[in-house]
There are 2 protein chains.
Amino acid sequence: MNIVQEESRRDQKKLQRRALLIEIARRSISTKGLKSLKVRDVAEAAGCSIGSVYNEFGDFDGLILTVNRETVHALTTRLKAVPADDPLRQLHGLADAYLGFATEHANLLRSLFEHRMEDDRPFPEDILTMVMDAFALMQTPLLRLLPDRDPGDVALLSRMMFSAVHGIISLGLEERMVAVPPEMLRERLAQFVDTHLAGLGVSRRT
Amino acid sequence: MNIVQEESRRDQKKLQRRALLIEIARRSISTKGLKSLKVRDVAEAAGCSIGSVYNEFGDFDGLILTVNRETVHALTTRLKAVPADDPLRQLHGLADAYLGFATEHANLLRSLFEHRMEDDRPFPEDILTMVMDAFALMQTPLLRLLPDRDPGDVALLSRMMFSAVHGIISLGLEERMVAVPPEMLRERLAQFVDTHLAGLGVSRRT
DNA sequence: ATTCTTCTTGAACAATGTTCATTTTCATAC
DNA sequence: GTATGAAAATGAACATTGTTCAAGAAGAAT
């Protein structure tokens with residue numbers, strides 16, 4: 001009951017505040033949009049100084065990127081929770097899960113896709129990888145549905161399909177330029193997936 | 001050679017500088033991205049004071065929105081220039097024109113879709129309308145290809161299809177999260193359109 | 001030439017990201 | 001328990017950038 005615990009106690013407190021800061025930032029982004037996120041607001045809400053935010057995340061981008069990282073992670077978790085028993089149902093499930101996530105966390109998803117780095121610093125590799133991995137999740141069910149096609153082809157197809165779904169959803173949810181009436185989005189999205197699959201030679205689900 | 005001409009000369013000068021300011025802002029956004037656009041830079045580059053920019057556009061958003069407005073306009077012009085003789089070819093032409101515009105003016109298009117208003121001011125109605133009109137341009141050829149479907153249905157279908165194309169392109173061109181290798185994007189996009197049309201029951205083009 | 005309107009200017013202000021010298025905290029050693 | 005040194009926290013000060021506005025300049029009308 002000495003070194004290790006003392007250290008862990010300190011670390012635990014540090015981690016706890018780090019989590020608090022992230023949670024506050026996420027809540028702010030989620031409710032008021034990325035543009036309204038201010039260092040001072042976060043620091044004040046967390047009951048600490050501005051400098052502490054910088055100690056923890058390096059700079060403001062660091063905080064935003066941390067939130068975005070967790071957003072991709074949450075999204076991925078949700079997408080991976082879609083049952084993989086039936087490939088056709090899985091594809092619909094993936095599209096629907098994305099829609100659900102985008103509906104519930106519109107501003108967080110926007111923060112992920114719209115945030116630009118300060119100056120010309122490179123976009124973090126790990127986030128990039130996570131997003132690409134998420135967008136590749138349609139590959140597995142598509143491969144099962146299209147066993148005769150070239151796997152490399154299917155890999156591209158799946159990312160295209162997911163990108164298309166992303167486009168439909170992100171524009172559809174954009175309250176300012178409502179491309180599709182919200183209440184219809186869900187069923188239209190399913191219809192879109194069906195149509196596209198039909199175009200790929202897959203018969204519709206029963 | 002008096003009142004009218006004097007007035008018009010003054011107005012002309014004013015319009016000329018307005019155009020200059022817009023051009024400078026557009027060039028800046030186009031080359032360095034929206035985030036790097038600064039009032040002072042624009043004013044200095046145009047050889048006028050900061051205040052003049054405000055006189056002309058009200059605030060910073062005003063300048064950005066003006067550039068964005070012209071971006072939608074240029075996009076629409078380009079899309080409307082696509083030959084409308086053959087509906088199938090037109091659909092491909094629209095997708096390809098959008099890709100071409102997005103490739104040549106990636107940052108301008110991002111500015112249009114990613115810019116958020118200061119505070120919670122509403123998004124300008126006219127830009128919204130122009131974007132929606134642009135996204136409805138697939139409706140006419142689709143109606144010709146699907147004469148038996150409910151027109152309201154086709155209206156939605158066309159906006160979905162355009163949104164899908166938008167998603168594929170905007171993610172595909174995102175150098176940070178390259179979902180699709182750029183050199184393939186063009187042909188893949190055509191393939192996507194074909195596939196989706198096939199799903200809608202339209203036979204591929206010859 | 002005078003007056004009146006309009007436009008222009010840029011200093012000053014406000015909001016906000018960032019730095020860093022100072023202070024505080026705290027684990028460790030004795 | 002106290003001393004010590006490292007690590008963290010602090011917030012005043014700074015830098016950048018959008019915004020305002022009183023004062024001045026320019027131009028049109030008479």
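Chain letters run A, B, ... following the sequence lines, proteins first, then strands; residues in each count from 1.
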* Pair B:Asp153 + A:Arg188: basic N to acidic O under 4.0 Å -> yes
* Asked: Nearest to the side chain of B:Asp59 - C:dT18, D:dT19, D:dA8?
  -> D:dT19
* Asked: Within this structure, what is the CD1-to-P distance between B:Ile50 and C:dA11, rounded to whole angstrom?
  -> 9 Å
* Asked: Between B:Ser111 and B:Asn68, does any side-chain donor sit less than 3.5 Å from a side-chain acceptor?
  -> yes
* To do: Measure from the side chain of B:Ser49, starting at C-beta and using heavy atoms only, and say which of C:dT9, C:dT18, D:dT10 lies closest.
  => C:dT9
* Quick one: which of C:dT8, D:dT19, C:dT16 gets closest to the side chain of B:Phe60? -> D:dT19
* Quick one: which of C:dG17, D:dT19, D:dT10 gets closest to the side chain of A:Asn55? -> D:dT10
* To do: May I ask you to check whether A:Phe60 and A:Tyr54 place their ring centers less than 6.0 Å from one another?
  => no
* B:Tyr54, nearest nucleotide to its side chain (from D:dT19, D:dT10, C:dT16) -> D:dT19
* Atom CG of A:Leu37 and atom P of C:dT18: how far apart are they, to the nearest Å? -> 11 Å
* Structure fact -> Among the nucleotides C:dG10, C:dT18, C:dG17, whichever has the atom closest to the side chain of A:Lys38 is C:dG17
* Verify the contact: side-chain N or O of A:Lys13 to OP1 or OP2 of C:dC26, cut-off strictly under 4.0 Å; return yes or no. => yes
